[in-house]
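Count residues from 1 along the sequence.
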Amino acid sequence: MVTRLERRVCPHAVSGKMFWLCAITYIIALFGRMSYSAVMVALIANGSMDEAQAGLIGTALFVVYGVSQIFSGLIGDRISSKKMIFVGLIGSGILNLIMGLTGQYAVMLVVWALNGLFQSTMWSPIARIFAEQMPPDERKKCCNNIAVTYPLATILAYVLATVLLTVWNWRGVFLLAGAMIVITGIHWMIRMSWFEKQIETSEEIEVIELQPKQTQKKENMLRLLLISGIVLATVPAMTHGMLRDGIQTWLPTLMTQNFHFGTSASVALDIIIPVFNMLGVFFTKALPKKWTENELKASAAFFAVTIVSLFALDWVCNVSAVLSLILLTVASTCMTGANIMLINLIPVHFGVVGRASSVTGVLNCSAYVGSAISSFGVGAVAQNFGWGAAIAVWIGFSLLALLASLVSCGRWGAYEHRLDNRETAKQ
């Protein structure tokens, strides 16, 4: 017997404002995650720690954040998104303030690892808000547009860090980030409470039709991942994380080692990539709907272009700095498109069965597994065997991601169609 459920959604008149609240909040939150990487060079230069120690602090956040994504995703489908994000913001803000006040290595290591835990409470609840509270016809647009927050936050973090390191020191970056995040947390709680009141009195109602087994919110997660094809989608999600963060992390090193770029030029490269990634968001959004209707099929196309770019990079990485930069930018921009498909758009479909946050957690965790592999593995391969071998690792994983996307796109397309057919909206 089919069960019909009704839920009120955010009125169209204020849905744009709610999107901007989520977007700006997430940008400020990301500043609190990137603040350390933006000042790591300064910490090493002033003798506060050596390279190995500095790398361990960054890795601590990275590992805790990735592992916590699974649990945050599952919890995010069960408790208030407003409260979960508020706790994450206040916790991360306080920890950034502590980082700015302490100078002891052991304290910084523990504090930054804890920051990974609080930072993990942000994205999955935002995905749930888009999937369950936004008007159905605006959900994909929100998921596309929110992708611009990551490159914007990267630019913000590095620009502010450059200014503060010039006029003050590394402590100023953490103190500013902490203050901004705490203020943002308070603003989030106030404004989101207002939006919840708007939704409670909204005349816009979404009607959802569920089969008996799907009326239970706590449906077995593993079964859901298997029948939808999302289990295989974790492979391209992992690879996209490897390439997205790997290119951002290792581009300055590659250019410095192969073409003897100076320090200032290397810093500039850290800003160039996010700028083009922003353009990638708008390019992906402009693609015809039929090209992106099946997110895994679209991801396969992005990986195909990436593979071609990386093969070409293997030929020119010791010959031309300009061509190397262009090809890496193309690959990074393609991964922005893959990120939109895999991390932003796929989970929103699961809002009708109460699993948007959980699926987001699974895919985002996979992405950060890839980032960890890139941080450790690619650097080690490049150091021991050269950049040609490192690029070959990227190509190998990209081929695996392409194959997984193609194998699973049929199953996902059929399941996605069933999910979308269960929801309609009446104004």
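- Remark: Q133 engages no residue in a side-chain hydrogen bond (donor to acceptor under 3.5 Å, both in side chains) (not counting sequence neighbours).
- Aromatic pair H417/W412: ring centres not closer than 6.0 Å.
- In this structure, CG in L61 is found 10.0 Å from CG in L117, a value given to the nearest 0.5 Å.
- In this structure, R8 contributes its side chain and I199 its backbone to no donor-acceptor pair below 3.5 Å.
- Interatomic distance, I230 CD1 to E295 CD, rounded to the nearest 0.5 Å: 8.5 Å.
- Residues P236 and F303 have side chains in contact (heavy-atom distance under 4.5 Å, counting atoms from C-beta outward).
- Atoms SG and CD1, from C22 and I126 in turn, are 5.5 Å apart once rounded to the nearest 0.5 Å.
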- Message: Using the rule given for side-chain contact (heavy atoms from CB on, under 4.5 Å), can you reason through L224 versus Y415, listing the C-alpha separation, both sets of side-chain angles and the distance that settles it, and then say yes or no?
- Response: CA-CA 10 Å; L224 190 71; Y415 189 80; 2.9 Å; yes
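- Distance alone, capped at 3.5 Å, places no donor-acceptor pair between the T234 side chain and the S366 backbone.
- Heavy atoms from other residues, nucleotides or ligands lying under 6.0 Å from CZ of F259 number more than 12.
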Going by atom type alone, with no hydrogens or angles, which donor-acceptor pairs under 3.5 Å involve a side-chain atom of residues 174-187 and a protein atom two or more places apart or on another chain?
| residue | atom | partner | partner atom | Å |
| --- | --- | --- | --- | --- |
| T184 | OG1 | M180 | O | 2.7 |

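- When all heavy atoms of L310 and L243 are compared, the closest pair comes out as CD1-CD2, 4.2 Å.
- The closest side-chain heavy-atom distance from L296 to M341 is not below 4.5 Å.
- For the pair F276/S332, no side-chain contact is recorded, criterion being any heavy-atom separation below 4.5 Å from C-beta on.
- Other residues, nucleotides and ligands place no more than 12 heavy atoms under 6.0 Å from the CH2 atom of W20.
- With N96 contributing its side chain and G32 its backbone, the two residues share a donor-acceptor pair below 3.5 Å.
- With R244 contributing its side chain and N339 its backbone, the two residues share no donor-acceptor pair below 3.5 Å.
- Here the side chain of N294 pairs a donor or acceptor atom with the backbone of C409 at under 3.5 angstrom.
- Between Y65 and Y368, the angle of the ring planes goes over 60°, which puts this pair in the perpendicular group of the 30/60° scheme.
- No donor-acceptor pair under 3.5 Å is formed between the side chain of E6 and the backbone N or O of E206.
- When every heavy atom of V14 is checked against every heavy atom of F195, the shortest pair comes out as O-CE2, 3.5 Å.
- When every heavy atom of I247 is checked against every heavy atom of A331, the shortest pair comes out as CD1-CB, 3.8 Å.
- With sequence neighbours excluded, the residues that form a side-chain hydrogen bond (donor to acceptor under 3.5 Å, both in side chains) with S120 are S72.
- Considering only heavy atoms from C-beta on, L363 comes within 4.5 Å of P347 through its side chain.
- Evaluation of the salt bridge (Lys or Arg N to Asp or Glu O under 4.0 Å) rule for E196 yields K82 as partners, not counting sequence neighbours.
- Listed for the H240 side chain is a donor-acceptor partner under 3.5 Å among the backbone atoms of A237.
- Residues T360 and R128 fail the side-chain proximity criterion, which asks for heavy atoms closer than 4.5 Å.
- Distance alone, capped at 3.5 Å, is enough to place a donor-acceptor pair between the T121 side chain and the F118 backbone.
- Inter-residue side-chain proximity for L152 and L156 is flagged as unmet; no heavy-atom pair is nearer than 4.5 Å.
- Here the closest non-hydrogen pair linking Y150 and R33 is CE1-NH1, 4.3 Å.
- Under the 3.5 Å distance criterion, with hydrogens and angles disregarded, no donor-acceptor pair is assigned to the side chains of T284 and N144.
- Between S357 and G73, the shortest heavy-atom contact is OG-O, 2.8 Å.
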Could you go through residues 97-110 and list every donor-acceptor pair under 3.5 Å that involves a side-chain atom there, pairing it with any protein atom two or more places apart or in another chain?
| residue | atom | partner | partner atom | Å |
| --- | --- | --- | --- | --- |
| T102 | OG1 | Q104 | N | 3.3 |
| Y105 | OH | Q53 | O | 3.0 |

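- Contact annotation: the side chain of M221 approaches that of S358 to within less than 4.5 Å [non-hydrogen atoms, C-beta and beyond].
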- Might you work through the side-chain contact (heavy atoms from CB on, under 4.5 Å) test for S405 and F302, ending with a clear yes or no? CA-CA 10 Å; S405 298; F302 284 122; over 6 Å; no
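- If you take CZ on F130 and SG on C10, they are separated by 11.0 Å, rounding to the nearest 0.5 Å.
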- Pair I27-F31, side-chain contact (heavy atoms from CB on, under 4.5 Å): steps then yes or no: CA-CA 6 Å; I27 288 173; F31 180 27; over 6 Å; no
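- For the pair K140 and E293, the salt-bridge criterion is not met [side-chain N within less than 4.0 Å of a carboxylate O].
- In this structure, I90 CD1 and I85 CD1 are separated by 12.5 Å, a value rounded to the nearest 0.5 Å.
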- Between T333 and F283, is a side-chain contact (heavy atoms from CB on, under 4.5 Å) present by the stated rule, with each step listed? CA-CA 9 Å; T333 302; F283 171 77; 5.8 Å; no
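- Using modelled atom types, no side-chain atom of R355 and backbone atom of D77 make a donor-acceptor pair closer than 3.5 Å.
- Classified by interplanar angle (parallel below 30°, tilted 30° to 60°, perpendicular above 60°), the ring pair Y36/W112 is tilted.
- T149 contributes a side-chain N or O that, together with a main-chain N or O of I146, makes up a donor-acceptor pair within less than 3.5 Å.
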- Residues N258, S324; criterion side-chain hydrogen bond (donor to acceptor under 3.5 Å, both in side chains); working and verdict: CA-CA 10 Å; N258 287 10; S324 296; over 6 Å; no
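- Closest approach of I155 and M278 over heavy atoms only: CD1-SD, 3.8 Å.
- W123 and Y26 have tilted rings, their planes meeting at an angle from 30° to 60° on a 0 to 90° scale.
- Residues forming a side-chain hydrogen bond (donor to acceptor under 3.5 Å, both in side chains) with T336 (at least two apart in sequence, or on another chain): N277.
- A distance of 9.0 Å separates CD in E138 from CE in M18, rounded to the nearest 0.5 Å.
- Considering only heavy atoms from C-beta on, L114 stays 4.5 Å or farther from V64 through its side chain.
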